[in-house]
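Have a look at the structure below, then the notes.
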Number of protein chains: 2
Amino acid sequence: MITSTVENYLKALFLLDQDGEKEISTGELAKSLTVTPGSATSMIKTLAEAGLVEHRPHYGVRLTNRGRTLAVHVVRRHRIVELFLVEILGMDWSKVHEEAEQLEHVVSDEVIERMDVLLKRPAFDPHGDPIPGADGTLPNRSHCSLSKSNVGQQLSVARMNDQDTDFLQFAEKHGLMIGAKITIIEHNKLADSLTIKTSNDTVVLGLSAAANIEVCDA
Amino acid sequence: MITSTVENYLKALFLLDQDGEKEISTGELAKSLTVTPGSATSMIKTLAEAGLVEHRPHYGVRLTNRGRTLAVHVVRRHRIVELFLVEILGMDWSKVHEEAEQLEHVVSDEVIERMDVLLKRPAFDPHGDPIPGADGTLPNRSHCSLSKSNVGQQLSVARMNDQDTDFLQFAEKHGLMIGAKITIIEHNKLADSLTIKTSNDTVVLGLSAAANIEVCDA
DNA sequence: TTTATACTTTTGACTAATCAAAAGTAGGAG
DNA sequence: CTCCTACTTTTGATTAGTCAAAAGTATAAA
């Protein structure tokens with residue numbers, strides 16, 4: 001039985017390694033789900049028995065094709081729901097993540113399909129994350145991290161890697177929304193900070209915050 | 001903790017006795033939830049400990065005010081979601097019940113409020129059931145059962161008491177939608193049947209099916 | 001008053017998911 | 001080669017919900 005707990009484990013594994021190249025450690029998985037390592041181990045065993053992951057004890061775990069397919073569909077549901085909540089219900093982009101976290105486990109394929117049509121088959125969610133197709137394909141855009149961009153570059157905000165409500169509200173307040181045009185004014189290596197000019201503001205970000213913002217050439 | 005199981009028990013109790021006048025027996029509750037009587041008994045004990053129902057062993061169970069308030073809110077979520085699925089996503093009224101059955105446990109108050117606004121604060125769901133207000137008030141319309149109406153009366157379909165997909169599809173096919181104008185042609189007491197004229201058809205219904213359709217004067 | 005019947009409650013067992021804490025393992029430092 | 005550290009796995013307990021079947025109770029009929 002694919003319970004919502006199972007879906008959450010699969011989704012976490014997928015998001016920790018989108019390309020399915022590396023093995024994820026039990027601890028990493030446990031931390032991302034905020035459960036104890038012991039809980040993760042026992043669920044990993046269950047998933048392995050169900051053929052959804054491959055487990056090399058003491059080394060790590062990796063999604064099988066079946067597991068990956070299921071995970072991608074959960075992510076698709078999540079992102080379509082998020083965009084729907086923003087576009088159709090007018091909710092704040094900083095709050096829809098939590099809501100979608102619940103809804104992703106219960107909305108039927110028919111509802112997702114109708115939302116998808118209503119939204120005109122969108123490619124990206126409100127945070128700039130790509131929405132997988134019903135067939136499991138992932139559109140990919142080549143982004144680069146704001147923390148690795150150069151001073152003077154004209155950039156466009158493409159994606160937020162941190163879904164935290166407070167972070168997103170902070171970003172929005174300073175004009176850092178998806179699609180916003182920005183310029184890097186200064187990179188202070190000593191202060192570990194980046195000074196950025198947005199349309200309505202000038203912000204100073206630490207590099208770790210900047211690492212969560214992806215940009216592309218404007 | 002108010003789990004979705006708890007919500008389902010409370011909702012079932014509410015729907016079995018909207019006015020809160022009578023006690024519901026364990027068996028009746030168990031049947032409406034398709035669980036064994038033993039399961040119902042043990043959940044009733046849990047609910048009683050939580051102050052959500054009053055239980056007189058061997059006689060029956062009744063919602064407390066707190067239990068009733070919670071139940072009404074679940075019903076509100078259910079009905080708003082149903083109407084939303086029909087009106088905004090264009091789903092078939094015969095299928096939205098199942099979907100809402102899942103969603104009612106996870107949609108937040110904010111989402112419900114936004115749906116409610118988008119739907120212009122509707123009073124009735126797609127099956128003609130009244131939608132409780134956010135304050136717990138229930139609009140009530142005086143209907144009467146089709147099975148108790150008289151030959152020759154000009155009637156209007158007001159509400160379906162059976163949410164079964166097949167039944168609703170059957171009803172729709174013969175022009176028995178909410179608001180449809182109908183006339184009773186014949187009541188055959190021997191055959192236990194009612195012959196009804198709708199705008200596009202003439203249907204013969206057994207009295208038990210007719211009992212699930214509520215009507216009001218046209 | 002006794003008995004039959006229909007219902008309710010109790011009991012014991014099971015599944016899914018969790019945690020805390022004990023036991024075990026991999027791999028590097030001495 | 002031994003030991004330390006950091007991690008993973010195992011073990012045992014807990015909670016929520018369920019069922020099947022045994023035991024108990026209310027009520028009406030004989």
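When reading the values below, keep in mind they use all heavy atoms of this one structure, side chains included, and skip hydrogens, waters and symmetry mates. Naming convention: chains lettered A, B, ... in sequence-line order (proteins, then strands); numbering from 1 in each chain. For clarity, every value in this text was computed on a predicted model and none was experimentally measured.
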Can you sort out the partners of A:Lys120 under side chain to side chain contact (heavy atoms under 4.5 Å, CB included), two or more places apart, ordered by chain and number?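 Counting only residues at least two positions away or on another chain, A:Lys120 forms no side chain to side chain contact (heavy atoms under 4.5 Å, CB included).
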How would you list, by chain and number, every residue that makes a side chain to side chain contact (heavy atoms under 4.5 Å, CB included) with A:Thr3, sequence neighbours excluded?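 Partners of A:Thr3 under the side chain to side chain contact (heavy atoms under 4.5 Å, CB included) test: A:Met1, A:Thr5, A:Val6.
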Applying salt bridge (charged side-chain N to carboxylate O under 4.0 Å, His left out), name anything that partners A:Glu28, two or more places apart in sequence or on another chain.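 Once residues adjacent in sequence are excluded, A:Glu28 has no partner under the salt bridge (charged side-chain N to carboxylate O under 4.0 Å, His left out) criterion.
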Can you sort out the partners of A:Glu87 under salt bridge (charged side-chain N to carboxylate O under 4.0 Å, His left out), two or more places apart, ordered by chain and number?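 If we apply the salt bridge (charged side-chain N to carboxylate O under 4.0 Å, His left out) test to A:Glu87, skipping adjacent residues, there are no hits.
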Pair listing, ring pair (Phe, Tyr, Trp, His ring centres under 6.0 Å) test, anchored in [range], at least two apart:
range	value
residues 67-91 of chain A	A:His78-A:His97, A:Phe84-B:Phe84
residues 32-62 of chain B	none
residues 2-40 of chain B	none
residues 126-150 of chain B	B:Trp93-B:His127

Can you measure [X] atom [atom1] to [N] atom [atom2] for me and round it to whole angstrom units?
X	N	atom1	atom2	value
A:His105	C:dA16	NE2	P	18 Å
A:Glu49	D:dT9	CD	C1'	15 Å
A:Arg56	D:dC7	CZ	P	18 Å
A:Ile2	C:dA16	CD1	P	12 Å
A:Leu52	C:dA16	CG	P	14 Å

Heavy-atom distance under 4.5 Å between the side chains of B:Glu214 and B:Met160, does that happen here?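 The answer is no; the side chains never approach within 4.5 Å.
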So which protein N/O to nucleotides 26-28 of chain C N/O distances come out below 3.5 Å?
| residue | atom | partner | partner atom | Å |
| --- | --- | --- | --- | --- |
| C:dA26 | O3' | A:Tyr59 | OH | 3.2 |
| C:dG27 | OP2 | A:Tyr59 | OH | 3.4 |

Taking 4.0 Å as the cut-off, does a side-chain nitrogen or oxygen of A:Thr46 come that near to OP1 or OP2 on C:dA17?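 So the side chain of A:Thr46 is outside the cut-off, no N or O lying under 4.0 Å from OP1 or OP2 of C:dA17.
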Looking only at side-chain N and O atoms, does A:His55 come under 4.0 Å of OP1 or OP2 in D:dT9?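 Answer is yes, contact under 4.0 Å.
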Taking only heavy atoms on the protein side, list every residue of residues 5-14 of chain B lying under 4.0 Å from any atom of DNA chain D, sorted numerically.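 Those residues are B:Thr5, B:Tyr9.
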Of all of residues 23-36 of chain A, which get a heavy atom below 4.0 angstrom from DNA chain D, listed by number?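 By residue number: A:Ser25, A:Thr26, A:Gly27.
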Please figure out whether A:Ala40 or B:Ile44 has its closest DNA chain C nucleotide nearer the 5' end.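 It is B:Ile44 whose nearest nucleotide is closer to the 5' end.
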Quick test of your reading of the model: are A:Glu49 and A:Lys45 salt-bridged, counting only N-O distances below 4.0 Å?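 Between A:Lys45 and A:Glu49 there is no salt bridge, as every charged N stays at least 4.0 Å from the carboxylate O atoms.
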Ion pair B:Lys11/B:Glu104, N-O distance below 4.0 Å: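 Result for this pair is yes, salt bridge flagged.
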Strictly distance-based, threshold 3.5 Å: is any side-chain N or O of B:Ser42 a donor or acceptor partner for the main-chain N or O of B:Ser39?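 Yes; at least one donor-acceptor contact below 3.5 Å.
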State whether the number of non-hydrogen atoms from other residues, nucleotides or ligands found under 6.0 Å of B:Asn188 atom CG is greater than 12.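 Yes, because the 6.0 Å sphere around CG of B:Asn188 holds more than 12 heavy atoms from other groups.
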Heavy atoms only, 4.0 Å cut-off, all strands: where does B:Met1 land among base, sugar-phosphate and nothing?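 Answer is nothing: B:Met1 stays at 4.0 Å or more from every strand.
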If you restrict it to nitrogen or oxygen atoms, what contacts under 3.5 Å exist between nucleotides 10-15 of chain C and the protein, and what is each distance?
| residue | atom | partner | partner atom | Å |
| --- | --- | --- | --- | --- |
| C:dT10 | OP2 | B:Lys45 | NZ | 3.4 |

How many angstroms lie between atom CG of B:Leu63 and atom CG of B:Leu13, to the nearest 0.5 angstrom?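 Answer for the CG-CG pair, B:Leu63 versus B:Leu13, is 5.0 Å.
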